[in-house]
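We count ligands from 1, going down the list as the structure has it; atoms in each ligand are counted the same way. The analysis underlying the following values was restricted to heavy atoms, covering all of them including side chains, and did not include hydrogens, waters or symmetry mates.
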Amino acid sequence: MNADQLPLEGMPRRLYSCTPSRLNTWLDCRRRYRFTYLDRPQPPKGPAWAHNSVGASVHNALAGWWREPYERRTPLTAAILLTNGWIKEGFRDEEQSARWLGRARDLVSGYVSTLDPSDDPVGVERTVATRTKVLALSGRIDRLDRRGDELVVVDYKTGRRPLTQDDARSSLALAVYAIAASRMMRTPCRTVELHHLPTGEIVEWRHTDESLERHLGRAEEMAAEASAADERYREAVAAPPSSRSRAPRGAPQGPAVRVPPEVEELFTPSPGPICSWCDFRRHCPEGLAAGPDRNPWDGLAD
Ligand code: SF4
């Protein structure tokens with residue numbers, strides 16, 4: 001950065017606007033971050049994943065259930081909402097989709113039968129936001145409950161992997177949501193919960209002020225790195241076309257938008273097992289070499 005680009009004393013810095021998902025992508029793989037948030041046009045993604053269809057259908061049905069009038073908040077209503085909003089993308093065939101529809105129907109109706117329909121949450125699919133000196137964070141909470149004098153962040157999980165307390169403790173998203181909800185509603189919010197629908201298990205973590213601050217500090221560190229890389233990227237793509245080139249369409253040759261090597265290095269790939277599930281794998285030679293192809297329905301339990 002040259003002297004002209006340094007922020008003048010007293011002038012507000014531009015905040016880095018992001019979601020926890022954006023920060024986690026930066027942490028997981030910087031090339032995927034670039035594909036997801038910077039390259040425009042965005043490289044085409046692979047086909048939809050069936051396990052994501054199940055997750056989205058379940059989330060939508062549970063959100064819709066709370067929007068129903070009290071007398072209709074029954075297990076049957078949850079099953080009907082799930083059926084009406086069923087997303088069929090990614091399944092091997094109609095038979096597999098129908099089988100999973102049945103399972104998901106049982107999941108949501110079984111789960112809501114454990115809830116008190118009169119205990120309205122403070123928010124459902126509630127967007128919350130907060131800011132610090134360096135970043136503006138926002139995101140959507142599956143459900144925000146009030147328990148006594150405090151708020152509790154509830155996150156639904158539909159994956160096959162059993163959850164541990166460490167998942168709740170280490171989740172940047174849940175910690176940020178707790179901070180944002182607390183600030184917006186001027187009510188303490190330290191407890192975060194993962195509700196694992198396939199097992200009915202609830203995994204809880206109660207944060208302290210210190211642990212929440214640590215998460216926020218980590219978010220700020222990532223935001224500072226990502227923001228600096230974004231800036232370098234934007235300068236590079238705004239440069240005259242003679243100083244960069246565009247890769248031919250089609251074959252997997254790495255990112256299609258070409259930037260100078262020193263900028264490319266800011267977005268190095270992180271190949272690993274996750275690559276088999278990456279939406280941009282076909283544009284990433286390192287990711288293709290890292291693991292086998294997966295069918296869109298391979299994330300389902302069977
Ligand atoms: S395939 Fe792997 S290395 Fe390539 S962008 Fe995706 S996650 Fe990153």
Side-chain angles (χ1 to χ4, degrees), residues 16-56 89-92 135 137 139 155 157-161 163 166-167 170-174 176 218-219 221-237 244-301:
Y16 178 74
S17 293
C18 62
T19 58
S21 171
R22 182 168 179 144
L23 293 177
N24 282 328
T25 306
W26 173 257
L27 203 60
D28 288 345
C29 176
R30 293 176 183 195
R31 179 175 285 171
R32 183 148 62 90
Y33 172 92
R34 174 182 162 178
F35 284 143
T36 308
Y37 298 106
L38 299 180
D39 280 359
R40 294 295 178 266
Q42 187 182 64
K45 292 183 178 180
W49 299 98
H51 60 278
N52 286 346
S53 295
V54 174
E89 290 177 354
F91 293 95
R92 184 177 49 225
L135 85 172
L137 267 164
D155 196 43
K157 293 291 179 194
T158 58
R160 54 183 163 177
R161 183 175 72 83
L163 301 169
D166 209 41
D167 291 313
S170 63
S171 167
L172 174 75
L174 295 183
V176 162
R218 211 171 106 238
E221 281 168 23
M222 284 189 268
E225 282 179 7
S227 171
D230 284 14
E231 202 54 43
R232 295 280 305 280
Y233 177 92
R234 289 201 191 95
E235 286 166 10
V237 295
R244 58 192 174 90
S245 60
R246 183 173 281 268
R249 291 178 178 216
Q253 304 181 24
V257 179
R258 288 294 170 92
V259 292
E262 65 275 17
V263 178
E264 192 80 51
E265 279 170 15
L266 297 172
F267 301 96
T268 50
S270 301
I274 196 179
C275 295
S276 290
W277 305 100
C278 175
D279 287 331
F280 300 107
R281 171 180 157 84
R282 65 167 113 159
H283 311 288
C284 178
E286 293 86 347
L288 283 168
D293 277 336
R294 299 276 182 187
N295 293 310
W297 53 87
D298 280 353
L300 300 173

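For the side chain to side chain donor-acceptor pair (under 3.5 Å) test, no residue two or more places apart in sequence or in another chain qualifies with Trp297.
For Asp167 and Arg161, the salt-bridge test passes: some basic side-chain N is under 4.0 Å from an acidic carboxylate O. Salt bridge status for Arg34 with Glu264: present, with a side-chain N to carboxylate O gap under 4.0 Å.
To the nearest 0.5 Å, the span separating CG on Leu27 from OG on Ser270 amounts to 9.0 Å. Atom OG1 of residue Thr19 and atom OH of residue Tyr37 lie 4.5 Å apart, to the nearest 0.5 angstrom.
Atom 2 (Fe) of ligand 1 has Cys275 SG as protein N, O or S atoms under 2.8 Å away.
Aromatic ring orientation, Phe267 versus Tyr33: parallel (interplanar angle below 30°, classes split at 30° and 60°).
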